[in-house]
Amino acid sequence: MTIEHFDVVVVGAGISGIGAGRHLQAHCPDCSYVILEGRAQIGGTWDLFRYPGIRSDSDMYTLGYSFKPWTEAKAIADGPSILKYLHETATENGIYSHIRFGHHVKAASWDSATARWTVEATRGGEAVRVTCNFLFMCSGYYDYARGYTPDFEGMARFRGTIVHPQLWPQDLDYAGKRVVVIGSGATAVTLVPAMARTAAHVTMLQRSPTYVISRPAEDAFANRLRRWLPAMLAYRIIRWRNVTLQQWIFRLARSRPAQVRKKLLDLVRAELGPGYDVGTHFTPRYKPWEQRLCLVPDADLFAAIRSGSASVVTDRIDTFTEGGILLESGNALEADIIVTATGLELQFLSGMDTSVDGQKVDFSKTLGYKGMMFSGVPNLASSFGYTNASWTLKADLTCEYVCRLLNHMRATGTAIATPVLDDPDVVPERWVDFSSGYFERALHKFPKQGSKLPWKVYQNYAKDILLFKYRSVDDGTMVFAKAGARAAELA
Ligand SMILES: Cc1cc2nc3c(=O)[nH]c(=O)nc-3n(C[C@H](O)[C@H](O)[C@H](O)COP(=O)(O)OP(=O)(O)OC[C@H]3O[C@@H](n4cnc5c(N)ncnc54)[C@H](O)[C@@H]3O)c2cc1C
């Protein structure tokens with residue numbers, strides 16, 4: 001059997017993988033590449049999630065690519081519009097012909113002697129093998145097969161329907177039904193007003209509240225600017241305004257949490273009126289931006305609560321019953337449908353079995369280099385976006401860096417690039433500085449970041465532009481070698 005070889009194998013055809021294809025074509029035009037995608041469609045997250053109201057919770061001027069302006073009226077866009085944007089990007093750039101659908105990557109092994117990765121995938125039960133010089137993981141950050149559902153007492157007893165938003169049955173009829181949505185994150189906050197339009201009633205059942213903020217779905221300034229200026233110029237201006245504003249709010253939240261907390265809660269009070277118990281239902285235990293801030297476009301959640309079609313209950317589940325949920329307070333919620341908007345099952349590099357020169361790589365023992373390559377692991381990068389800003393901002397920068405790295409290797413005749421940790425002052429830290437439950441559950445499987453550059457992840461787009469686009473790739477930490485130099489000897 002002949003094994004196909006590519007300069008670059010990209011795993012995944014979501015926002016990151018499609019972006020990787022476009023960047024490789026633009027900046028490394030002589031590079032051969034293939035995108036191995038496990039599913040039958042592009043889009044990743046934006047194709048998988050099909051629950052009512054699915055939308056972005058960050059603006060499309062920053063969730064869009066640096067090279068393709070977002071031109072629709074809504075800045076907070078629905079899932080189908082985002083998917084359309086991705087299809088357009090793939091079509092305009094001829095990326096579809098590089099994608100192999102239905103190829104689920106299971107393992108990758110690096111061989112220093114040949115300076116190649118062997119990537120093993122399955123296609124409908126059949127094993128497929130390709131080799132490459134560089135492996136670019138754009139596989140997202142969670143398990144596609146299942147979402148996270150806690151083991152609630154008595155679930156099997158419930159006579160109605162239980163649904164997880166990640167596996168939404170397209171024929172689910174909730175018109176006139178009593179719905180309980182368990183959760184308080186972005187998904188719950190999206191689902192509740194969307195389902196409340198036709199359901200008999202929707203209850204958002206949360207153990208503890210999340211910070212929420214309402215913003216108009218349409219950005220009036222952006223839409224005006226787009227009428228006056230060429231699309232790309234308007235896009236760049238709006239993008240930078242949004243990046244700056246977002247960073248300013250994030251820094252303010254971290255430096256003056258009490259002030260930001262008061263402002264956020266005042267805004268909720270203004271929406272729900274003086275009689276509403278904001279203290280119980282919208283006042284989190286943590287400080288603002290220790291977890292992602294939840295966006296409520298056009299105040300839709302508040303409107304649903306005001307109209308009585310939705311309500312919030314803050315309590316703990318004692319047990320599911322035949323007819324709904326019994327709470328620890330002794331109260332009961334009657335339900336026909338229970339939606340477990342309880343989160344994602346995080347997964348690092350899709351759980352791929354990875355080895356370097358015959359040694360299995362335990363990524364939790366590695367240190368992330370710029371948050372995208374890993375100490376002691378040659379020629380492998382992964383796309384992991386910002387936690388405090390749009391994913392694509394960092395995905396774009398990561399792709400640009402990978403292209404610079406590939407071009408540098410080509411220019412210097414080197415075949416291997418390995419981040420090597422040889423600074424004893426670098427102290428390992430958590431991969432992300434966030435307290436969200438889904439991170440807490442999974443962080444032990446993720447690499448660490450370091451206490452200083454280039455191992456530190458600042459979650460700061462402006463800083464990263466300098467780091468990814470302008471700092472020399474040959475920075476003393478990235479060690480370059482010819483084929484044959486064993487990774488273990490470099491470290
Ligand atoms: C419901 C939801 C809403 C979100 N909203 C926002 C938002 O508003 N703003 C924001 O910045 N971020 C948001 N995110 C985070 C979001 O995941 C990123 O914005 C972005 O879509 C990630 O793109 P990606 O291409 O890196 O990963 P994904 O979208 O996860 O795509 C990964 C792709 O890789 C494929 N793949 C995975 N493993 C393998 C394998 N082993 N072999 C082959 N193929 C594989 C998958 O099938 C998929 O197509 C949201 C996430 C969710 C779940």
Side-chain angles (χ1 to χ4, degrees), residues 9-21 34-51 53-65 75-79 81-83 85-86 89-90 99-108 119-123 128 130 135-145 147-148 164-166 168 183 185-191 215 242 246 292-295 297 341 343-354 372 382-396 398-399 438 459 461:
V9 166
V10 176
V11 179
I15 287 184
S16 299
I18 299 294
V34 68
I35 301 177
L36 301 180
E37 168 53 56
R39 305 178 70 239
Q41 291 80 234
I42 68 159
T45 298
W46 303 104
D47 185 68
L48 177 74
F49 281 84
R50 299 285 178 150
Y51 58 75
I54 172 79
R55 56 160 172 85
S56 66
D57 66 350
S58 56
D59 70 277
M60 288 308 298
Y61 295 101
T62 54
L63 190 58
Y65 295 112
I76 305 303
D78 56 45
S81 305
I82 300 173
L83 209 47
Y85 174 82
L86 292 175
T89 309
I99 305 175
R100 307 264 170 96
F101 289 105
H103 284 63
H104 191 86
V105 172
K106 300 281 189 194
V119 179
E120 293 176 43
T122 53
R123 182 187 51 197
V128 179
V130 295
L135 183 55
F136 194 3
M137 296 301 294
C138 295
S139 51
Y141 61 104
Y142 58 88
D143 189 346
Y144 265 65
Y148 172 71
H164 192 286
Q166 191 167 327
W168 195 267
T187 302
V189 163
T190 303
L191 271 167
R215 306 285 311 144
N242 291 2
Q246 191 284 324
R292 220 173 150 100
L293 198 62
C294 259
L295 190 69
L344 305 165
E345 194 74 68
L346 294 205
Q347 205 177 36
F348 189 66
L349 302 191
S350 183
M352 180 180 74
D353 228 334
T354 311
M372 46 144 295
S382 87
S383 173
F384 195 93
Y386 292 119
T387 48
N388 66 352
S390 283
W391 184 273
T392 318
L393 293 170
K394 177 85 181 271
D396 263 339
T398 303
C399 291
Y438 59 101
Q459 303 284 350
Y461 181 58

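Atoms within each ligand, like the ligands themselves, are counted from 1 in listed order. Not measured: the values here are computed from a predicted model.
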Exercise for review: Could you tell me how the ring of Y65 sits relative to the ring of Y85: parallel (under 30°), tilted (30 to 60°) or perpendicular (over 60°)?
Suggested key: parallel

Logged contact type for W391 with ligand 1, heavy-atom cut-off 4.0 Å, is both

Ligand 1 atoms nearer than 4.0 angstrom to some heavy atom of C138 are 32 (C), 33 (C), 34 (O)

Answer whether the closest heavy-atom distance between the side chains of L344 and D143 falls below 4.5 Å.
no

Among non-hydrogen protein atoms, atom 27 (O) of ligand 1 lies closest to G140 CA, 3.3 Å

When rounded to the nearest 0.5 Å, the distance separating CD1 of I99 from CD of Q41 is 11.0 Å

- request: State if Y51 counts as touching ligand 1 under the rule of any non-hydrogen atom under 4.0 Å.
  value: yes

- prompt: If we only count heavy atoms from C-beta on, is the R292 to D57 side-chain gap below 4.5 Å?
  reply: yes

For atom 13 (C) of ligand 1, the closest protein heavy atom turns out to be W46 CZ2, 4.3 Å

Is there side-chain contact between Y386 and W391, with at least one heavy-atom pair below 4.5 Å?
no

query = Among the heavy atoms of M352, does any lie under 4.0 Å from an atom of ligand 1?
reply = no

Note: ligand 1 atoms sitting under 4.0 Å from heavy atoms of S56 are 8 (O)

**Asked** Heavy atoms, side chains only, cut-off 4.5 Å: are V9 and V130 in contact?
**Response** yes

Practice problem: Apply the test salt bridge (Lys or Arg N to Asp or Glu O under 4.0 Å) to residues R39 and D47: give CA-CA distance (whole Å), side-chain angles for both, the deciding distance (0.1 Å), then the verdict. | Solution: CA-CA 10 Å; R39 305 178 70 239; D47 185 68; 2.9 Å; yes

Please check if the side chain of T354 supplies one atom and the backbone of M352 the other of a donor-acceptor pair under 3.5 Å. yes

Nearest non-hydrogen protein atom to atom 17 (O) of ligand 1, with distance, is T45 OG1, 3.0 Å

Ligand 1 atoms nearer than 4.0 angstrom to some heavy atom of R39 are 47 (O)

Honestly, for S350 the part within reach of ligand 1 (heavy atoms, under 4.0 Å) is side chain

Filtering G102, A13, S139 for the heavy atom nearest atom 36 (N) of ligand 1 leaves S139

Under 4.0 Å from one or more heavy atoms of G44, ligand 1 contributes atoms 29 (O), 31 (O), 48 (C), 49 (O)

>> S139 vs S350, test: side-chain hydrogen bond (donor to acceptor under 3.5 Å, both in side chains). Steps then yes/no.
In response: CA-CA 6 Å; S139 51; S350 183; 4.9 Å; no

Requested in this report: I would like to know whether I35 and R100 meet side chain to side chain contact (heavy atoms under 4.5 Å, CB included); could you show each step before the answer?
Outcome: CA-CA 6 Å; I35 301 177; R100 307 264 170 96; over 6 Å; no

The atoms of ligand 1 lying under 4.0 Å from a heavy atom of G12, numbered in the order shown, are 33 (C), 34 (O), 35 (C)

Atoms of ligand 1 under 4.0 Å from any heavy atom of L36, numbered from 1 in the order shown, are 43 (C), 44 (N)

Check your understanding: Is the closest side-chain heavy-atom distance between T62 and T392 below 4.5 Å?
Key -> no

Subject >> L295 side chain near I76 side chain, heavy-atom distance below 4.5 Å >> reply: yes

TODO: May I ask you to check whether I54 has an N/O atom sitting below 3.5 Å from an N/O atom of ligand 1?
DONE: no

heavy-atom search around atom 25 (O) of ligand 1 in the protein gives S16 N, 2.9 Å

- prompt: Is there side-chain contact between D353 and K106, with heavy atoms separated by less than 4.5 Å?
  reply: no

*If we only count N/O pairs under 3.5 Å, is S58 in contact with ligand 1?*
yes

### Query
Do Y142 and T45 get their side chains close enough for a donor-acceptor pair, meaning under 3.5 Å?
yes

The option among F384, Y386, Y141 carrying the non-hydrogen atom nearest to atom 14 (N) of ligand 1 is Y141

So for T392 against ligand 1, with non-hydrogen atoms under 4.0 Å, the contacting part is neither

Counting heavy atoms under 4.0 Å, the part of H103 that contacts ligand 1 is backbone

of all protein heavy atoms, closest to atom 6 (C) of ligand 1 is D57 OD1, 3.5 Å

Check: Is there side-chain contact between W46 and S56, with at least one heavy-atom pair below 4.5 Å?
Finding: yes

min-distance protein heavy atom vs atom 42 (N) of ligand 1 -> V105 N, 2.8 Å

Closest heavy-atom approach to atom 43 (C) of ligand 1 among G38, A186, P165 is made by G38

Note: ligand 1 atoms sitting under 4.0 Å from heavy atoms of R292 are 9 (N), 10 (C), 11 (O)

min-distance protein heavy atom vs atom 46 (C) of ligand 1 -> E37 OE2, 3.5 Å

among protein heavy atoms, the one nearest atom 31 (O) of ligand 1 is Y144 OH, 3.2 Å

